[in-house]
Amino acid sequence: QVQLVESGGGSVQTGGSLRLSCAASGDTYSAYCMAWFRQAPGKEREGVAIMTTRPTSSTDYATSVKGRFTISQDDAKNTLYLQMNSLKPEDTAMYYCEASSRLTCRYNRFTTNEYNYWGRGTQVTVSS
């Protein structure tokens with residue numbers, strides 16, 4: 001089991017920045033992928049930033065956030081981060097930290113069903 005707790009959300013104006021954190025505990029060594037997903041009201045959950053953790057590490061981003069968001073992790077703190085810059089109103093959503101113990105997540109990185117652990121989310125609101 002993996003437990004995930006997000007923090008760092010808030011309200012900012014267009015062009016602002018936020019850094020989300022995700023504290024992971026439990027069997028974190030079992031995760032092949034760590035990711036940030038988001039869900040806006042009335043919309044489906046979408047993956048925005050993915051990090052594969054083993055056997056090799058790589059990152060991937062949704063087109064809508066590429067160049068603005070950066071996913072990273074601090075192994076010593078068991079924490080995943082999402083640095084969000086140049087925020088836009090369309091980035092407004094609940095952001096979820098997710099993890100997958102399934103090897104197939106490396107090939108279906110943005111597929112929601114590949115992830116079997118997630119936190120309760122943190123709200124990000126961007127005003128114009």
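Quick note: residue numbers are just sequence positions, from 1. In this text, all values refer to a predicted model and were calculated from it rather than measured experimentally.
No hydrogens or angles considered: nothing links the side chains of Q1 and D27 as a donor-acceptor pair under 3.5 Å. Between S128 and T14, the side chains place no donor N or O within less than 3.5 Å of an acceptor N or O (distance only, hydrogens not considered). When only modelled atom types and interatomic distance are considered, R109 and T104 share no side-chain donor-acceptor pair under 3.5 Å. Between the side chains of T56 and R106, at least one donor N or O lies within less than 3.5 Å of an accepting N or O. Counting only N and O atoms by type, the side chains of N85 and S17 include a donor and acceptor under 3.5 Å apart. Checking N78 against S25 by side-chain atom types alone, no donor-acceptor pair falls below 3.5 Å.
At distances below 3.5 Å, at least one donor-acceptor pair connects side-chain atoms of E6 with backbone N or O atoms of R120. No donor-acceptor distance shorter than 3.5 angstrom exists from the side chain of T59 to the backbone of I50, with no hydrogens or angles considered. With hydrogens and angles disregarded, no donor-acceptor distance shorter than 3.5 Å links the side chain of T79 to the backbone of A23. Using modelled atom types, one side-chain atom of S100 and one backbone atom of R102 make a donor-acceptor pair closer than 3.5 Å. Listed for the T125 side chain is no donor-acceptor partner under 3.5 Å among the backbone atoms of S11.
Residues T70 and Y61 form a side-chain contact, since some pair of their non-hydrogen atoms from C-beta on lies under 4.5 Å apart. Within the 4.5 Å cutoff, the side chain of V5 has no heavy atoms near those of the Q3 side chain. A 4.5 Å side-chain heavy-atom check between D91 and F69 finds at least one atom pair inside the cut-off. Taking 4.5 Å as the limit, every side-chain heavy atom of S7 sits out of range of all side-chain heavy atoms of T122. The side-chain heavy atoms of T52 and D60, taken from C-beta on, include no pair separated by under 4.5 Å.
Around CD of E44, the count of heavy atoms belonging to other residues, nucleotides or ligands within 6.0 Å does not exceed 12.
Among all heavy-atom pairs drawn from L80 and S72, the shortest one is CD1-O, 3.4 Å. Of all heavy-atom pairs spanning L82 and A49, the tightest one is CD1-CB, 3.8 Å. For W36 against S21, the heavy-atom pair with the smallest separation is CH2-O, 3.6 Å. Of all the heavy atoms in L87 and R68, the pair that sits closest is CA-NH1, 3.8 Å.
Separating the CE atom in M34 from the CD1 atom in I71 is a distance of 7.5 Å, to the nearest 0.5 Å. Between atom OH of residue Y117 and atom OG of residue S101 there is a gap of 4.5 Å, rounded to the nearest 0.5 Å. Annotation: the span from L4 atom CG to E98 atom CD amounts to 8.5 Å, rounded to 0.5 Å. Between the SG atom of C33 and the CD atom of E114 there is a distance of 8.0 Å, given to the nearest 0.5 Å.
Neither W118 nor V48 shares a network with the other; the hydrophobic side chains, linked directly or stepwise wherever heavy atoms of I, L, V, M, F, W or Y lie under 4.5 Å apart, form separate groups for each.
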TODO: Dump the intermediate steps for side chain to side chain contact (heavy atoms under 4.5 Å, CB included) on V124 and L18, then the final yes or no.
DONE: CA-CA 9 Å; V124 172; L18 284 173; 3.9 Å; yes
TODO: Go through the steps to decide whether T92 and E90 satisfy the test side chain to side chain contact (heavy atoms under 4.5 Å, CB included), and finish with yes or no.
DONE: CA-CA 5 Å; T92 295; E90 51 263 44; over 6 Å; no
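Screening R45, K43, E46, M94 for a side chain to side chain contact (heavy atoms under 4.5 Å, CB included) with R38, the sole residue that qualifies is E46. Partner of F37 under the ring-ring contact (aromatic ring centres under 6.0 Å, His included) criterion, out of Y115, Y95, F110, Y96: Y115 alone.
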